[in-house]
Q: 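This structure is in structure tokens; I'll ask about it shortly.
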Amino acid sequence: MIIIVGLGNPGKKYANNRHNIGFVVLDRYAQAVQSHFEEKKAFFAEIAQTEGVVLAKPTTFMNESGHATKVLLKHYEGPLVVVHDEINIPLGEVKCSIDRGSGDHNGVQSIIDHLGTNHFFRIRVGVRPVDEALIPRIAPPDGFEKFLLSDFTPMEEALLKKGIEKSLEIIKALPEMTFDEVMNKFNSKEGSK
């Protein structure tokens, strides 16, 4: 069983924020495999299951994602995969990694803190703006934190779709390949087309 945790903040207010791309990817995957999420209060998450995969969207806020993840891993056995936004990767691109630090991502740091390890697979979905008009929005004084809590713009739709589709390809490959094989395939130039 593969446990895939998408990171985001609960509630309609945050639904289309860049910071919620982990939720968006899991929603699209569940839809594609005709599964649906149900709130499981005991797990502090919404859960959907497909063959060999458990999808989870924590109902805690981003900074407490580790709490729900730790509870999930006590109930389900298998490798952990975390899907989250990555401000250092351009929108439309996706990178996979394992055994990395949080990169200043509060949700990832919460998981590392609660589990006591960074040994889990990450699908890092790029949300950094590529349009020149948007780049100033990640500069001080507000910086990228405020930007991450903003919605994607209409001009970003095509790149957003590209990033989501690549994330779905990676999730579909996980049951068939090792983490190293997935990284070799999808982190390469060929895998990013």
Side-chain angles (χ1 to χ4, degrees), residues 1-15 17-31 33 35-89 94-127 144-145 148-149 164 167-168 170-175 177-180 182-183 186:
M1 189 75 75
I2 299 172
I3 299 95
I4 305 179
V5 176
L7 299 188
N9 286 307
K12 289 181 182 178
K13 174 182 174 183
Y14 303 101
N17 286 180
R18 295 164 197 278
H19 219 22
N20 271 40
I21 195 70
F23 281 9
V24 172
V25 168
L26 262 56
D27 283 337
R28 299 280 173 88
Y29 182 77
Q31 186 178 29
V33 298
S35 184
H36 65 280
F37 283 92
E38 292 180 21
E39 185 172 355
K40 304 282 187 183
K41 292 185 190 258
F43 296 132
F44 305 95
E46 292 181 14
I47 306 287
Q49 280 192 254
T50 66
E51 192 174 338
V53 177
V54 173
L55 306 173
K57 299 186 300 181
T59 53
T60 58
F61 279 92
M62 178 70 80
N63 295 358
E64 281 300 317
S65 300
H67 179 68
T69 304
K70 187 173 183 178
V71 172
L72 279 163
L73 292 178
K74 285 182 179 176
H75 184 79
Y76 296 104
E77 283 190 32
L80 172 65
V81 174
V82 177
V83 183
H84 66 88
D85 59 291
E86 177 61 72
I87 191 67
N88 296 315
I89 296 174
V94 181
K95 297 288 183 188
C96 302
S97 61
I98 196 166
D99 294 337
R100 286 179 57 110
S102 68
D104 291 327
H105 191 290
N106 291 336
V108 174
Q109 187 61 55
S110 175
I111 292 172
I112 292 170
D113 291 345
H114 277 83
L115 301 184
T117 182
N118 65 354
H119 186 68
F120 51 88
F121 191 78
R122 291 165 53 188
I123 300 173
R124 299 160 49 223
V125 186
V127 296
F144 66 82
E145 290 179 18
L148 289 173
L149 293 175
I164 291 170
S167 301
L168 297 182
I170 294 167
I171 292 172
K172 288 174 187 169
L174 287 171
M177 305 169 77
T178 67
F179 287 155
D180 283 339
V182 171
M183 286 190 290
F186 291 98

Q: Sequence neighbours left out, what pairs pass side-chain hydrogen bond (donor to acceptor under 3.5 Å, both in side chains) with at least one residue falling in residues 68-89?
A: His19-Asp85, His84-Arg122, Asp85-His105, Glu86-Asn88, Glu86-Arg124
Q: Find out whether Val83 and Val125 are in side-chain contact, i.e. whether some heavy atom of one side chain is under 4.5 Å from a heavy atom of the other.
A: yes
Q: Would you check if the side chain of Asn9 reaches a backbone N or O of Met62 as a donor-acceptor pair within less than 3.5 Å?
A: yes
Q: Hey, mind stepping through Ile171 and Val81 against side-chain contact (heavy atoms from CB on, under 4.5 Å) and telling me if it holds?
A: CA-CA 9 Å; Ile171 292 172; Val81 174; 5.9 Å; no
Q: Can you tell me if Thr59 uses its side chain to pair, donor with acceptor, with the backbone of Phe44 under 3.5 Å?
A: yes
Q: Can you name the closest pair of heavy atoms from Val53 and Pro175 and give their distance?
A: CG2-CG, 4.3 Å
Q: Could you walk me through whether Asp27 and Lys57 satisfy the side-chain contact (heavy atoms from CB on, under 4.5 Å) test, starting with their C-alpha distance in whole Å, then the side-chain angles of each, then the deciding distance to 0.1 Å, before giving a yes or no?
A: CA-CA 9 Å; Asp27 283 337; Lys57 299 186 300 181; 2.6 Å; yes
Q: Of the options Leu80, Leu73, Asn106, which is the one that meets Ile111 in a side chain to side chain contact (heavy atoms under 4.5 Å, CB included)?
A: Leu80
Q: If the condition is salt bridge (charged side-chain N to carboxylate O under 4.0 Å, His left out), which residues does Lys40 pass it with, not counting sequence neighbours?
A: Glu38
Q: Check the side chains of Asp113 and Gln109 for a donor-acceptor pair under 3.5 angstrom, ignoring hydrogens and angles.
A: yes
Q: With the side chain counted from C-beta on, respond yes when Ile4 and Leu174 share a heavy-atom pair under 4.5 Å apart, and no when they do not.
A: yes
Q: Indicate yes or no: at least one non-hydrogen side-chain atom of Phe37 is less than 4.5 angstrom from one of Leu55.
A: yes
Q: Would you say Ile123 and Val25 make side-chain contact, with heavy atoms under 4.5 Å?
A: no
Q: Determine the sole option in Phe121, Phe120, Phe179 for which the side chain to side chain contact (heavy atoms under 4.5 Å, CB included) test with Pro79 is passed.
A: Phe179
Q: Can you confirm whether more than 12 heavy atoms, excluding those of Glu39, are under 6.0 Å from its CD atom?
A: yes
